[in-house]
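The structure appears below as structure tokens.
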Amino acid sequence: MENQYIIKGGTPLCGEVTIGGAKNAALGILAAAIMTDETVLIDNLPDVRDINVLLEAIRGIGATVERINPHTVKINGSTINDVTIDYDSIRKIRASYYLLGALLGKYNKADVALPGGCDIGSRPIDQHLKGFRALGATVNIEYGMINTFADKLVGKHIYLDVVSVGATINIMLAACMAEGRTVIENAAKEPHIVDVASFLNSMGANIKGAGTDKIRISGVSRLHSSEYSIIPDQIEAGTFMVAAAATKGDVLIKNVIPRHLEAISGKLTEIGVSVEEFDDAVRVSSNSRLCHTQIKTLPYPGFPTDMQPQIATLLALSSGTSTVTESIFENRFKYVDELSRMGTSIKVEGNVAIIEGVDSLTGASITAPDLRAGAALVIAGLVADGYTTIDSIHYIERGYENFEGKMTALGAYMQKIPVDDERAVQKFKLKVS
Ligand code: UD1
């Protein structure tokens with residue numbers, strides 16, 4: 001049954017929220033976990049759809065997966081009996097490609113369905129494949145599958161033509177048990193790259209330089225058991241920071257690494273939001289009209305593309321003219337049409353959104369076009385006067401755990417209800433009026 005969110009806007013978010021583990025780190029780490037035949041314990045796992053789909057795929061190839069609780073999983077890869085992964089569900093997530101690097105690295109063979117993920121433009125994987133080929137693998141794409149195999153993998157100097165999070169992680173996975181030394185130049189530097197490298201190192205890999213643009217990997221012959229806790233999710237944290245600011249609230253966002261949020265905190269401060277940093281928390285508050293700015297998405301430590309729709313929504317409510325330039329993905333402004341139904345004034349020219357700030361928004365029936373855009377629409381709904389319903393929330397559930405629960409705990413009027421359930425709508429309206 002398809003669900004939707006119903007939101008009554010206009011309440012400032014106040015209180016405390018605890019951020020979960022980083023989805024994009026967890027996806028790389030779960031794939032890495034199957035590379036040892038010993039048992040691995042992973043903690044601070046976010047309980048979101050993408051993670052659950054990947055775990056199903058890992059179970060599907062024969063690995064032992066024991067979900068101790070929603071946030072802790074034990075994986076043993078010694079029982080893997082298949083290196084072919086081809087399910088409808090796995091085609092829908094982006095990170096299925098990490099199983100390619102992990103299986104190729106461990107067994108010198110992997111056949112994985114071409115990845116899907118959010119429709120935010122063309123998302124080639126040529127750099128992943130270039131990396132595998134450089135390590136000595138043969139790679140063929142046939143019938144919607146990527147088939148890779150090698151007699152053995154041998155370390156190589158690899159220069160990435162574009163800074164790619166996925167390719168950097170995938171090449172690290174494939175190279176950590178290759179013979180000799182691999183160097184990845186022009187590597188991505190995102191916090192989750194560092195986290196996947198730290199996890200692999202905790203299993204006995206020898207990876208240096210993760211977090212810089214040059215990663216050096218000395219191949220090891222085997223990996224061993226490990227217990228590991230995933231870093232907090234930078235984007236979930238950023239989303240709550242923007243939601244607090246947009247609703248003129250005051251929220252303490254706990255279990256974060258403030259250093260990872262600097263690009264977001266910097267921009268929020270620039271437009272007049274108060275951001276106070278603690279060791280593992282940030283407090284975000286705002287009580288006056290915010291001002292305009294210019295933002296361009298860039299690889300880390302630049303402003304994250306995964307925060308682009310949320311910050312654009314905030315700027316849509318700030319005074320003056322702002323511009324948001326999307327430099328990573330080619331089609332990431334699909335939410336703008338939905339936002340305009342709520343009264344925003346945004347014009348998209350190529351990869352630039354020109355935003356004329358408005359004073360207020362009004363509720364509307366809208367549809368989430370993808371994961372982060374969906375989160376941005378929720379923020380708009382929380383600000384808007386009246387009721388907003390948001391369809392296609394399965395996108396949002398790919399990356400946000402209990403989004404409505406966390407928002408409600410901060411004072412929002414927001415509920416998940418079945419689509420086309422007029423009674424549920426009336427019940428919600430009665431409850432919040
Ligand atoms: C990851 C994240 C996603 C985030 C993105 C950028 C996961 C599962 N997803 O996606 O949430 O928005 O990083 O921070 O971690 N490119 C190529 N060839 C390639 C690979 C990438 O041209 O082989 C291009 C892409 O089209 C894009 C840019 O490089 O323009 C960055 O993509 P990449 O960093 O690879 O993104 P993903 O790993 O897909």
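Heads up: numbering here begins at 1 and tracks the sequence. Note that this is a predicted model, so its numbers are computed, not measured. Start at 1 and go down the list; that is how both ligands and their atoms are numbered.
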Problem - Residue pair T389 / S365, side-chain donor-acceptor N/O under 3.5 Å - result: yes
Exercise for the section: For ligand 1, note which part of T305 has a heavy atom under 4.0 Å away: side chain, backbone, both or neither. Expected result: side chain
Exercise for the section: Mind checking whether I169 contacts ligand 1 via backbone (N, CA, C, O), side chain (CB onward), both or neither, at a 4.0 Å heavy-atom cut-off? Expected result: neither
Handout entry: Nearest-0.5 Å distance that lies between atom CG in L27 and atom OH in Y97
Key = 9.0 Å
Practice task
Drop me the distance from E66's CD to N76's CG, to the nearest 0.5 angstrom.
Solution key: 10.5 Å
Handout entry: Backbone or side-chain N or O of A167 under 3.5 Å from ligand 1 N or O
Key = no
Fill in the blank from the handout: Distance col, row I34:CD1 vs T79:OG1, nearest 0.5 angstrom, shows 10.5 Å
Exercise for the section: Tell me, with the steps shown, if E190 and T168 meet side chain to side chain contact (heavy atoms under 4.5 Å, CB included). Expected result: CA-CA 10 Å; E190 268 70 1; T168 303; over 6 Å; no
Practice task
Give yes if a backbone or side-chain nitrogen or oxygen of G166 is under 3.5 Å from a nitrogen or oxygen of ligand 1, and no if not.
Solution key: yes
Handout entry: Check: G136 main-chain N/O paired with K152 side-chain donor or acceptor under 3.5 Å
Key = no
Problem - Contact with ligand 1 for D50, non-hydrogen, under 4.0 angstrom - result: no
Handout entry: Y400 and R372 side chains, donor-acceptor separation under 3.5 Å
Key = yes
Handout entry: Per-atom contacts, ligand 1 versus Q127 - under 4.0 Å to a heavy atom
Key = 18 (N), 19 (C), 23 (O)
Problem - Sub-4.0 Å atoms of ligand 1 with respect to non-hydrogen atoms of Y97 - result: 37 (P), 38 (O), 39 (O)
Handout entry: Test item, M307 contacting ligand 1 (heavy atom, 4.0 angstrom)
Key = no
Completion exercise
So for V162 against ligand 1, with non-hydrogen atoms under 4.0 Å, the contacting part is side chain
Completion exercise
Short version for R332: what comes under 4.0 Å of ligand 1, heavy atoms counted, is side chain
Handout entry: From Y98 atom OH to M172 atom CE, the distance as rounded to the nearest 0.5 Å
Key = 8.5 Å
Practice task
Could you tell me whether R283 atom CZ has more than 12 heavy atoms of other residues or ligands within 6.0 Å of it?
Solution key: no
Problem - Nitrogen or oxygen atoms of H192 and ligand 1 under 3.5 Å apart - result: no
Practice task
Of all the heavy-atom pairs spanning Y228 and S202, show the shortest one and how long it is.
Solution key: CD1-OG, 4.0 Å
Practice task
Using non-hydrogen atoms of the residue, decide whether P124 is closer than 4.0 angstrom to ligand 1.
Solution key: yes
Practice task
Give yes if a backbone or side-chain nitrogen or oxygen of V165 is under 3.5 Å from a nitrogen or oxygen of ligand 1, and no if not.
Solution key: yes
Exercise for the section: Using distance alone, determine whether S164 and ligand 1 share an N or O pair under 3.5 Å. Expected result: yes
Handout entry: K23, any N or O under 3.5 Å of ligand 1 N or O
Key = no
Exercise for the section: Between H128 and ligand 1, find which residue part has any heavy-atom pair under 4.0 Å and reply side chain, backbone, both or neither. Expected result: both
